[in-house]
Chemist: 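Once you've had a glance at the structure underneath, I'll fire off some questions.
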Amino acid sequence: MTYLDKALAFIEQNALKRNTLDWPQVRAQAAEQAKDAMSTADTYPVIRLVLDKLNDHHSRFYTPEEARALERGQRAGLGITVLYPEGTVAIVRPNSPAATAGIQVGDTIEAMNGQPLRADVLGLIVEFGGDSWQLRVKKSGQQASITMNLGAASVSENTPPEGRRLPGDVGYLQLPMHIGDGTIAGQGSYAELAQGLIRRIDETPTCGWIVDLRRNRGGNMWTMLAGVGPILGEGKLGSFIDAQGTSEWTYQKGTSQLGGETLSSVSHPYQLKRPSPPVAVLTSRLTASSGEMTTIAFRGRPDTRSFGEATRGIPTGNVSQPLSDGALLVLTGALSQDRSGRTYEGRIQPDQTVGTDWSQFGSEQDPAVRAARDWLSQQPGCRS
């Protein structure tokens with residue numbers, strides 16, 4: 001009960017929506033539900049029920065095993081992200097059960113265990129539950145469906161940023177999600193890798209940039225901001241608002257900072273050969289959490305326009321509390337503001353709605369990339 005009391009106290013003191021709950025009632029109900037608990041693990045369902053009552057869709061409770069995997073940037077599952085309701089595969093993690101089975105981005109999952117697809121709590125992506133699945137899959141470009149039997153495995157969520165130079169002197173940078181301390185096993189720092197890509201693409205000066213956040217489902221926002229800093233520009237990027245007040249996000253000389261404290265940095269920060277370029281930002285319903293915060297960091301920036309779909313709708317800041325048995329409580333505690341002072345709650349709409357052909361993701365045939373390039377071609381410095 002001491003374990004449960006400490007978890008509830010942290011939620012009551014720090015949750016963004018703490019004032020929406022009747023805490024004497026919540027505590028009484030939690031004590032009744034946990035009265036027969038014989039271990040800390042027996043209280044986990046009670047803690048999750050309290051988090052569900054907050055209805056912020058962002059707070060999470062992780063068991064000790066899940067917390068250790070999260071620290072390594074890993075998660076148990078098939079290694080795919082599937083859109084709801086159409087069932088389109090948008091992400092396939094390398095070396096995952098799905099990748100090994102031959103599932104590719106652009107394929108369609110038609111059924112799971114003989115049942116229709118189930119949506120997550122926000123109704124935007126497919127929810128997979130359990131350790132094994134029978135999937136009915138239609139391969140991209142084919143008419144017939146096939147059946148696959150897959151089991152869950154521990155899958156790395158972290159992949160490095162990607163980028164290249166597009167025709168018309170346009171730079172393209174894709175920033176994926178990142179869970180953990182900002183490092184990618186065997187490859188180095190996410191922020192260093194992102195700035196290295198920017199440096200190489202900008203060897204011949206670029207006239208504008210496309211920053212693709214459509215697969216950025218969140219994680220460590222500070223390594224993302226440090227990585228994309230040369231394109232964002234220096235100074236204030238946004239802020240968090242919580243019960244204690246406002247804390248600014250800034251980028252300064254290769255460092256991303258919160259309230260003046262450096263949270264991520266690169267050793268040799270790059271400066272674009274043509275500073276303050278026009279930037280097209282791409283978002284989708286997968287853009288979530290820190291991906292949404294990175295989206296917000298571009299809001300209010302001059303010569304910036306967004307394309308794609310509305311984001312997932314959880315642009316809120318989280319605080320973490322390790323518990324005594326190794327479990328982890330991650331709690332939504334702050335709202336986000338852009339550099340102009342606008343506060344964001346719910347899904348972030350793009351300036352121009354453009355669908356994504358996931359089978360063409362990131363290519364020159366990708367409708368969102370084409371729309372972004374068309375806009376950039378009309379901006380000063382990019383006009384032929």
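When a residue number appears, it is its place in the shown sequence, counting from 1.
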Chemist: Are the charged groups of Glu32 and Lys35 less than 4.0 angstrom apart, N to O?
Modeler: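 A salt bridge links Glu32 with Lys35.
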
Chemist: Look at the side chain of Gln257 and the backbone N and O of Glu261, then say whether any donor-acceptor pair between them is shorter than 3.5 Å.
Modeler: no

Chemist: Nearest 0.5 Å, please: how far is SG in Cys207 from CZ in Arg274?
Modeler: 6.5 Å

Chemist: Going by atom types only, do Ser140 and Asp107 share a side-chain donor-acceptor pair under 3.5 Å?
Modeler: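 Short answer, no.
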
Chemist: Ignoring hydrogens, what is the shortest heavy-atom contact between Tyr3 and Leu323? Give both atom names and the distance.
Modeler: OH-CD1, 3.3 Å

Chemist: Looking only at non-hydrogen atoms, find the nearest pair between Val354 and Ala371 and report the distance.
Modeler: CG2-CB, 3.9 Å

Chemist: State the CD-CG distance between Glu309 and Leu124, to the nearest 0.5 angstrom.
Modeler: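 It comes to 9.0 Å.
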
Chemist: Just by distance, no angles: are the side chains of Glu192 and Ser267 close enough, under 3.5 Å, to form a donor-acceptor pair?
Modeler: yes

Chemist: Do Thr147 and Gln134 touch side chain to side chain, with heavy atoms closer than 4.5 Å?
Modeler: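 Yes, their side chains come closer than 4.5 Å.
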
Chemist: Can a donor-acceptor pair be found between the side chains of Thr287 and Glu292 at a distance below 3.5 Å?
Modeler: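 No, no side-chain donor-acceptor contact under 3.5 Å.
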
Chemist: When you measure from the side chain of Ser189 to the backbone N and O of Ala191, does any donor-acceptor pair fall under 3.5 Å?
Modeler: yes

Chemist: Can you find a pair of side-chain heavy atoms, one from Val228 and one from Phe298, that are under 4.5 Å apart?
Modeler: yes

Chemist: Compute whether any side-chain donor of one residue and acceptor of the other, for Asn318 and Thr332, lie under 3.5 angstrom apart.
Modeler: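 Side-chain D/A pair, Asn318 to Thr332: present.
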
Chemist: Glu12 and salt bridge (Lys or Arg N to Asp or Glu O under 4.0 Å): which partner among Lys6, Lys53, Arg27?
Modeler: Arg27

Chemist: Please evaluate residues Leu213 and Val281 with respect to the criterion side-chain contact (heavy atoms from CB on, under 4.5 Å), reporting the C-alpha separation (whole Å), side-chain torsions for both, the decisive distance (0.1 Å), and the verdict.
Modeler: CA-CA 7 Å; Leu213 301 172; Val281 179; 3.9 Å; yes

Chemist: Hey, what do you get for CZ (Arg312) to CG (Asn216), rounding to the nearest 0.5 Å?
Modeler: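 It comes to 13.0 Å.
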
Chemist: Which of these, Leu329, Asp242, Leu331, sits in a side chain to side chain contact (heavy atoms under 4.5 Å, CB included) with Asn14?
Modeler: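 Looking at Leu329, Asp242, Leu331, the match for Asn14 under the side chain to side chain contact (heavy atoms under 4.5 Å, CB included) is Leu331.
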
Chemist: Main chain of Gly102, side chain of Lys139: is a donor-acceptor contact present, judged purely on distance under 3.5 Å?
Modeler: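 A pair under 3.5 Å: yes.
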
Chemist: Taking the six-membered ring of Phe307 as reference, does the NZ or CZ atom of Arg305 fall below 6.0 Å from its centre and within a 45° cone about the axis?
Modeler: yes

Chemist: Between Glu66 and Arg75 (salt bridge meaning N to carboxylate O under 4.0 Å), is one present in this structure?
Modeler: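 No salt bridge links Glu66 with Arg75.
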
Chemist: Going by heavy atoms in the side chains, are Ser336 and Phe240 under 4.5 Å from each other?
Modeler: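 Side-chain contact under 4.5 Å: yes.
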
Chemist: Do Arg217 and Thr81 have a side chain donor and acceptor closer than 3.5 Å?
Modeler: yes

Chemist: Return yes if some donor-acceptor pair links the side-chain N/O of Ser290 with the main-chain N/O of Met293 below 3.5 Å, else return no.
Modeler: no

Chemist: Within the structure provided, determine whether Ile314 and Leu122 are in side-chain contact (heavy-atom separation under 4.5 Å).
Modeler: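 Ile314 reaches Leu122 side chain to side chain.
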
Chemist: Between Phe361 and Arg215, is there a cation-pi geometry (under 6.0 Å to ring centre, at most 45° from the normal)?
Modeler: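 Flagged: Arg215 positioned over aromatic ring of Phe361.
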
Chemist: Between Thr250, Asp338, Leu232, which is the residue that forms a side chain to side chain contact (heavy atoms under 4.5 Å, CB included) with Leu237?
Modeler: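 So, applying the side chain to side chain contact (heavy atoms under 4.5 Å, CB included) to Leu237 and each of Thr250, Asp338, Leu232, only Leu232 qualifies.
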
Chemist: Kindly compute the distance separating CD (Gln174) from CD1 (Ile210), expressed to the nearest 0.5 Å.
Modeler: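 Output value for this atom pair is 12.0 Å.
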
Chemist: Is it true that Ile231 and Leu197 fall in one hydrophobic cluster, defined by side-chain heavy atoms closer than 4.5 Å?
Modeler: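 Yes, Ile231 and Leu197 fall within the same hydrophobic cluster.
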
Chemist: Do we see a donor-acceptor contact under 3.5 Å between the side chains of Glu248 and Ser239?
Modeler: no

Chemist: Is a side-chain donor-acceptor pair under 3.5 Å present for His58 with Thr316?
Modeler: yes

Chemist: Nearest 0.5 angstrom please: Arg339 CZ to Lys236 NZ, how far?
Modeler: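 It is 9.5 Å, given to the nearest 0.5 Å.
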
Chemist: Ignoring hydrogens and geometry beyond distance, is a side-chain donor-acceptor pair present between Tyr84 and Asp120 at under 3.5 Å?
Modeler: no

Chemist: Over all heavy atoms of both residues, which pair between Asp42 and Pro45 is shortest? Give the atoms and the distance, please.
Modeler: O-CD, 3.6 Å

Chemist: Would you mind listing every ring pair (Phe, Tyr, Trp, His ring centres under 6.0 Å) that reaches into residues 96-142, with sequence neighbours excluded?
Modeler: Phe128-Trp133

Chemist: Distance from Leu117 atom CG to Met112 atom CE, nearest 0.5 Å?
Modeler: 6.0 Å

Chemist: Answer yes when Lys17 and Asp56 have at least one side-chain N-carboxylate O distance shorter than 4.0 Å, and no when they do not.
Modeler: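 A salt bridge is absent here (no side-chain N lies under 4.0 Å from a carboxylate O).
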
Chemist: Using modelled atom types only, decide if a donor and an acceptor are shared between the side chain of Asn158 and the backbone of Ile179 within a distance under 3.5 Å.
Modeler: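 Present.
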
Chemist: Ignoring hydrogens and angles, tell me if any N or O in the side chain of Thr206 forms a donor-acceptor pair with the backbone of Gly208 under 3.5 Å.
Modeler: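 No, Thr206 side chain to Gly208 backbone: no donor-acceptor pair under 3.5 Å.
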
Chemist: Check whether Tyr270 forms a cation-pi arrangement with Arg199 (NZ or CZ under 6.0 Å from the six-membered ring centre, at most 45° off the ring normal).
Modeler: no

Chemist: What I'd like to find out is whether the side chain of Trp23 reaches to under 4.5 Å of the side chain of Ile11, using heavy atoms alone.
Modeler: yes

Chemist: Measure from the side-chain N and O atoms of Ser284 to the backbone N and O of Leu286, and report whether any donor-acceptor pair falls under 3.5 Å.
Modeler: yes

Chemist: Tell me, with the steps shown, if Thr294 and Leu225 meet side-chain contact (heavy atoms from CB on, under 4.5 Å).
Modeler: CA-CA 7 Å; Thr294 307; Leu225 296 183; 4.2 Å; yes

Chemist: Is there side-chain contact between Thr204 and Arg165, with heavy atoms separated by less than 4.5 Å?
Modeler: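 Yes - at least one pair of side-chain heavy atoms lies under 4.5 Å apart.
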
Chemist: Within the side chain of Tyr190, is there an N or O that forms a donor-acceptor pair under 3.5 Å with the backbone of Met177?
Modeler: no

Chemist: Quick check: does any side chain N or O of Thr304 sit under 3.5 Å from a backbone N or O of Gly300, one acting as donor and the other as acceptor?
Modeler: no

Chemist: Is there a side-chain contact between Leu328 and Leu70, using heavy atoms and a 4.5 Å cut-off?
Modeler: yes

Chemist: Does a side-chain N-to-carboxylate-O contact under 4.0 Å join Arg72 and Asp181?
Modeler: no

Chemist: Report whether Trp222 and Tyr251 are members of the same hydrophobic cluster (ILVMFWY, side-chain heavy atoms less than 4.5 Å apart, transitive linking).
Modeler: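 Yes, one cluster joins them.
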
Chemist: Inspect the contact between Glu364 and Arg370 and indicate whether a charged nitrogen and a carboxylate oxygen are less than 4.0 angstrom apart.
Modeler: no

Chemist: Do you know which two heavy atoms are closest between Ser156 and Arg93, and how far apart they sit?
Modeler: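 It is O-CD, 3.7 Å.
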
Chemist: Please answer whether the main-chain N or O of Gln115 pairs with a side-chain N or O of Asn113 as donor and acceptor at a distance below 3.5 Å.
Modeler: no

Chemist: Taking all heavy atoms of Ile296 and all of Pro315, pick out the closest pair and write down the distance.
Modeler: CD1-CB, 3.9 Å

Chemist: Under a 4.5 Å side-chain heavy-atom rule over Ile, Leu, Val, Met, Phe, Trp and Tyr, are Val155 and Met148 clustered together?
Modeler: no

Chemist: Check the pair Tyr62 / Glu71 against side-chain contact (heavy atoms from CB on, under 4.5 Å), numbers first and verdict last.
Modeler: CA-CA 11 Å; Tyr62 297 95; Glu71 189 175 354; over 6 Å; no

Chemist: Any side-chain heavy-atom pair from Val89 and Ile103 closer than 4.5 angstrom?
Modeler: yes

Chemist: Does the distance from a Lys or Arg side-chain N to an Asp or Glu carboxylate O, for Asp351 and Arg299, drop under 4.0 Å?
Modeler: no

Chemist: If you apply the rule side-chain contact (heavy atoms from CB on, under 4.5 Å), what do you find for Ile201 with Trp209, and how did you get there?
Modeler: CA-CA 10 Å; Ile201 294 167; Trp209 287 83; 3.7 Å; yes

Chemist: Locate the shortest heavy-atom distance separating Gln252 from Thr255; write the atom from each residue and the value.
Modeler: O-OG1, 2.7 Å

